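Input: a single structure, listed below in structure tokens.
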There are 2 protein chains.
Amino acid sequence: MQHYTRRFQDFIAEKRMKWTQQREAVVHALWTTEEHVTCEELAARLAAQGRRIGLATVYRNLRLLVDAGLAREFHSGGASVRYERYIEDDHHDHLICERCGNTVEFLDEKLESLQEELARRHDFRLTGHKMYLYGICNRCRSSS
Amino acid sequence: MQHYTRRFQDFIAEKRMKWTQQREAVVHALWTTEEHVTCEELAARLAAQGRRIGLATVYRNLRLLVDAGLAREFHSGGASVRYERYIEDDHHDHLICERCGNTVEFLDEKLESLQEELARRHDFRLTGHKMYLYGICNRCRSSS
DNA sequence: ATCATTGCAAAGCCTTTGCACGCGC
DNA sequence: GCGCGTGCAAAGGCTTTGCAATGAT
């Protein structure tokens, strides 16, 4: 069994929900797709494979996949939301206070996806990145 | 006259469009608002000031303001798009090819706004940032 | 057997569009 | 006066929801 199927099953089990053929089909369809797809496109792809699944079900399960950390959403300004399979990693970026030097590490999936979009726009295949945000933290602002 | 009004007027004139009371009201309302607003919120704000302006007109003019470089859009996942006044600057980020060292400088308003959002989330007042994306450029990919 | 999930269709929301009227040029 | 811009209402498109039937445990 594919690792993504297993992870989705675990997530479903943990939430005391039920594992269905549709859920298996949706996670498989998303994870065997390279591009960012809309719900409708994914449903069409499934239909083409003979897996006719209601659009509402696709919507519902893509949302679940996002919750499970197996998909990510893009609201890029187009008409509909797009989804992509997502592999979590432990990468993080930095937010540094210029006054006290305190550093916050954070991970933001919107940032990650935007970076990928930017690289794609310039025809680069992304291999890594570094980002540092500089500012004044809350505590330093109130004590001045 | 406020600089934003002037810039919007210039933009409108350049496009050979017409300057209207509504356009003036919308640019003023957006530029005297700190938060990110939806079209509906902005229309409500205008109505509260006695400037009753059709929702469609607000939509149309906010889009114009984005084109004019005086506003920016946020598709942050919520129900509706939010707008914020925007001051362009010449800041840019970097995309670097790990193989040939070629560097592309770019500026992306979605990235800028996301960075602001991240800083806000951690209660920082943003003063600056550095971002470097690393990847393999198109030319290096095809010549290997 | 029980209760979550599905599928369909209907409803909901945000946004855009069509069109008559009015205003800027 | 001409034509663009506005306002209203209607249409449009994506997403969610209600509900009866189905399927999983």
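In what follows, chains carry the letters A, B, and so on, assigned in the order in which the sequence lines appear, proteins first and then strands, with residues in each chain numbered from 1. Note that this is a predicted model, so its numbers are computed, not measured.
Remark: A/R82 CZ to A/S113 OG distance equals 13.5 Å, nearest 0.5 Å. Taking NE2 from B/H3 and CZ from B/R6, the interatomic distance works out to 12.0 Å, rounded to the nearest 0.5 Å.
The side chain to side chain contact (heavy atoms under 4.5 Å, CB included) search around A/E84 returns A/H36, A/R72, A/F74, A/E116, not counting sequence neighbours. Considering only residues two or more places apart in sequence or on other chains, B/R121 meets the side-chain hydrogen bond (donor to acceptor under 3.5 Å, both in side chains) condition with A/D108, B/E117. Applying the salt bridge (charged side-chain N to carboxylate O under 4.0 Å, His left out) criterion to A/R60, with sequence neighbours excluded, gives no partner residue. Partners of B/E14 under the side-chain hydrogen bond (donor to acceptor under 3.5 Å, both in side chains) rule, at least two apart in sequence or in another chain, do not exist in this structure. Listed by chain and number, the residues in a side chain to side chain contact (heavy atoms under 4.5 Å, CB included) with B/Y4 are B/Q2, B/V27, B/H28, B/W31, B/T32, B/L70 (sequence neighbours excluded).
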(request) Using a 4.0 Å heavy-atom cut-off, write out nucleotides 1-8 of chain C from 5' to 3' as B (base contacted by protein), S (sugar-phosphate only) or - (no contact). (result) --BSSBBB

Pull out every protein N or O sitting under 3.5 Å from an N or O of nucleotides 10-12 of chain C, one pair per line with the distance.
none

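Connectivity analysis of hydrophobic side chains (ILVMFWY, heavy atoms under 4.5 Å, direct or indirect) links A/M1 to nothing; its cluster partners are none.
At a threshold of 4.5 Å between non-hydrogen side-chain atoms, the residues A/L65 and A/Y83 do not count as touching.
If you find the closest nucleotide of DNA chain C to B/W19 and to B/E40, the one lying nearer the 5' end belongs to B/E40.
No salt bridge links A/R63 with A/E73; every basic N to acidic carboxylate O contact stays at or beyond 4.0 Å.
One axis for each end of the helix from C/dA1-D/dT25 to C/dC25-D/dG1, each built from five base pairs, and the angle between them comes to 30° at 10° resolution.
B/Y59 has a side-chain polar atom (N or O) that falls below the 4.0 Å cut-off from OP1 or OP2 of C/dT15.
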Review item, side-chain donor-acceptor pairs of residues 47-55 of chain A, under 3.5 Å, at least two apart:
none

Could you give the side-chain donor-acceptor pairs of residues 15-26 of chain A under 3.5 Å, partners two or more places apart or in another chain?
{"from": "A/T20", "atom 1": "OG1", "to": "A/R23", "atom 2": "N", "distance (Å)": "3.2"}
{"from": "A/R23", "atom 1": "NE", "to": "A/N61", "atom 2": "OD1", "distance (Å)": "2.9"}
{"from": "A/R23", "atom 1": "NH1", "to": "A/K18", "atom 2": "O", "distance (Å)": "2.6"}

(message) Apply side-chain contact (heavy atoms from CB on, under 4.5 Å) to residues A/E41 and A/T38 and explain how you reach the verdict.
(response) CA-CA 5 Å; A/E41 285 163 3; A/T38 62; 3.3 Å; yes

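Taking the 5' to 3' direction, DNA chain D first and last meets chain B under 4.0 angstrom from a heavy atom at D/dG3 to D/dC8.
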